2 protein chains.
Amino acid sequence: MRASIRDELVQRATQVFYQRGFHATGMDTLVAETGVSKTAMYKHFRTKDDLILAVLRFRDETLRNWLFRRMEELGQTPESQLLALFDALDEWIKGPGFQGCLFIKASSEFQDAEHPIYLQSAEHKRLLRRHFRALATTAGVENADLLANQLLLLKEGAIVSAHMKTTQYPAEEARQAAGALLSIALRK
Amino acid sequence: MRASIRDELVQRATQVFYQRGFHATGMDTLVAETGVSKTAMYKHFRTKDDLILAVLRFRDETLRNWLFRRMEELGQTPESQLLALFDALDEWIKGPGFQGCLFIKASSEFQDAEHPIYLQSAEHKRLLRRHFRALATTAGVENADLLANQLLLLKEGAIVSAHMKTTQYPAEEARQAAGALLSIALRK
DNA sequence: TTAAATATGTACCGATCGGTAAACTTTGAA
DNA sequence: TTCAAAGTTTACCGATCGGTACATATTTAA
């Protein structure tokens with residue numbers, strides 16, 4: 001029960017930042033929404049930025065674990081797992097509380113290319129990319145780099161378009177496009 | 001020379017918000033960066049939100065005008081114009097001062113689905129979508145809606161991936177994917 | 001049982017937030 | 001040339017910002 005207050009703070013803060021934004025959320029709001037006193041917060045994290053970094057690390061772990069597991073559950077072969085990315089995405093988008101991608105938001109609120117928060121956000125995307133590329137390679141795709149990057153483009157586009165309500169069925173449309181690209185990549 | 005101070009304020013404010021973010025930019029910063037006094041600002045715009053809305057309207061006009069013109073210049077047929085979207089995108093991304101999409105940022109800092117800033121941002125994407133769909137229809141694509149949405153997914157994904165440096169050649173990879181989708185859509 | 005560790009609430013810090021008031025200067029059209 | 005419109009500077013408002021001090025309560029391990 002010792003370290004759990006810190007964990008609970010991070011988990012609840014993740015939700016608050018996700019729903020309200022980083023700059024728009026003050027430490028007093030965090031106190032009110034998480035139930036953790038400000039003194040305790042600053043005992044665990046030296047600054048607000050440090051807390052945000054912990055939030056991003058937590059989100060990276062949980063989101064990546066969930067996504068990769070869901071892709072495995074929904075697809076038996078590497079090819080179908082790659083397409084299952086968009087089925088999992090669809091679940092996420094249609095699920096409760098979806099508000100876009102926390103890392104896109106973080107990197108756009110902290111744009112400085114050397115800012116730790118920007119770097120941490122970018123790292124998450126790079127880890128996704130690596131996983132997709134490994135799957136593409138296993139599936140026998142020749143240019144696995146290209147396909148992995150393109151799947152990532154479709155994924156990010158779907159998340160943004162879902163958040164901005166540009167399209168009604170972003171994940172489905174992304175999946176259809178991904179299927180076309182995948183079958184082309186496997187045909188040669 | 002009368003109305004031009006308002007215009008200059010909007011244009012300079014666009015750059016400041018783009019480079020530094022909306023919540024992160026205070027009105028005093030705006031005074032310092034635009035050279036326009038706070039009194040004058042509040043004579044033209046009742047609130048900061050109103051100024052942001054004017055910024056988004058200005059950006060929507062200039063960006064859409066530039067993009068559509070560039071697509072026409074770079075492509076002779078509707079098909080090649082659709083692909084030229086990604087050539088123009090490439091120019092933008094590689095050009096000076098690129099920091100992602102102002103509308104994605106605005107909608108993620110003002111997430112409330114009924115907030116005027118969110119609605120204004122979403123409108124920009126809808127106008128792009130309409131244009132792409134019209135081009136796809138002219139090109140003879142059967143399911144123009146689907147293709148237009150997929151091109152938009154690739155475009156948004158490329159912008160985000162460029163901003164987060166996930167991929168080195170986002171526009172090129174998006175263009176290649178778009179070419180594949182387009183040729184499939186025209187084949188039937 | 002007790003003492004250290006770890007919470008808490010409250011009050012506060014200087015700086016900045018969005019926004020206003022008022023007195024003064026520049027500008028442009030009749 | 002004159003005068004109102006539109007600009008500026010400066011000072012200010014209450015609220016909130018990120019962050020700290022301190023005295024008190026609760027938890028936990030010996």
Side-chain angles (χ1 to χ4, degrees), chain A residues 1-57 102 105-106 108-112 115-118 120, chain B residues 1-57 102 105-106 108-112 115-118 120:
Chain A
M1 287 295 160
R2 252 307 158 57
S4 81
I5 276 207
R6 184 196 156 111
D7 292 353
E8 203 156 315
L9 166 60
V10 170
Q11 290 176 31
R12 289 180 193 263
T14 302
Q15 288 308 308
V16 179
F17 282 133
Y18 185 49
Q19 297 295 326
R20 306 163 81 124
F22 294 98
H23 284 100
T25 303
M27 296 305 279
D28 292 317
T29 303
L30 240 32
V31 169
E33 298 281 323
T34 65
V36 177
S37 69
K38 209 193 269 195
T39 314
M41 283 184 187
Y42 278 96
K43 199 160 290 180
H44 288 298
F45 303 102
R46 275 182 46 261
T47 64
K48 184 187 182 183
D49 281 11
D50 281 353
L51 171 58
I52 293 177
L53 283 173
V55 160
L56 293 179
R57 277 189 293 267
L102 191 69
K105 292 177 182 183
S108 98
E109 285 203 50
F110 302 87
Q111 308 197 57
D112 184 347
H115 198 295
I117 294 179
Y118 172 88
Q120 180 89 19
Chain B
M1 289 292 163
R2 254 305 157 58
S4 80
I5 275 209
R6 182 194 156 112
D7 293 352
E8 203 156 314
L9 166 59
V10 171
Q11 290 175 33
R12 289 182 193 262
T14 301
Q15 287 308 308
V16 179
F17 282 132
Y18 185 49
Q19 298 295 327
R20 305 163 81 123
F22 294 97
H23 284 100
T25 303
M27 296 304 279
D28 291 318
T29 303
L30 240 31
V31 169
E33 297 282 322
T34 65
V36 177
S37 70
K38 209 192 272 197
T39 314
M41 284 185 187
Y42 279 95
K43 197 161 290 178
H44 288 298
F45 303 101
R46 276 181 45 260
T47 64
K48 186 188 181 184
D49 281 12
D50 280 354
L51 171 58
I52 293 177
L53 283 173
V55 160
L56 292 180
R57 278 190 291 268
L102 191 68
K105 292 177 183 185
S108 97
E109 285 203 50
F110 302 87
Q111 307 196 59
D112 185 347
H115 197 295
I117 294 179
Y118 172 89
Q120 181 88 20

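Just so it is clear: chains get the letters A, B, ... in the order the sequence lines come, proteins before strands, and each one is counted from 1. Just so it is clear, the model here is predicted, and its values are computed rather than measured.
- Between A:Leu30 atom CG and D:dC17 atom C1' there is a gap of 13 Å when expressed in whole angstrom units.
- Put simply, the side chain of B:Lys48 and the base of C:dG19 share no donor and acceptor less than 3.5 Å apart.
- Rounded to whole angstrom, the span from the CE atom of B:Met27 across to the P atom of D:dT8 amounts to 13 Å.
- A distance-only check finds no donor-acceptor pair linking the side chain of B:Gln15 to the backbone of B:Thr34 [under 3.5 Å].
- A straight line from OH of B:Tyr42 to C1' of C:dG18 spans 5 Å, rounded to a whole angstrom.
- Note: CG (A:Asp28) to P (C:dC13) measures 16 Å, nearest angstrom.
- Regarding B:His44, its NE2 atom lies at a distance of 16 Å from the P atom of C:dG19, rounded to whole Å.
- The aromatic rings of B:His23 and B:Phe110 lie parallel to each other, with less than 30° between the two planes, well short of the 60° mark.
- In this entry the distance linking CZ of A:Arg46 with C1' of D:dG19 reads 12 Å, nearest Å.
- At whole-Å resolution of the value, CZ in A:Phe45 and P in D:dT20 are 15 Å apart.
- One can place CD of B:Glu8 at 12 Å from P of D:dG7, the figure rounded to the nearest angstrom.
- The residue among A:Thr39 and A:His23 whose nearest nucleotide of DNA chain D is located toward the 5' end is A:His23.
- A salt bridge does not link A:Glu109 with A:Lys105: every distance from a Lys NZ or Arg NE/NH1/NH2 to an Asp or Glu carboxylate oxygen is 4.0 Å or more.
- When distances run from any side-chain atom of B:Thr47 to the nucleotides C:dG19, C:dA7, D:dG7, the shortest one goes to C:dG19.
- When each of B:Arg6, B:Met41, B:Glu8 is paired with B:Val36, the side chain to side chain contact (heavy atoms under 4.5 Å, CB included) condition holds for B:Met41 and for no other.
- At a cut-off of 3.5 angstrom, the base of D:dG19 holds at least one donor-acceptor pair with the side chain of A:Lys38.
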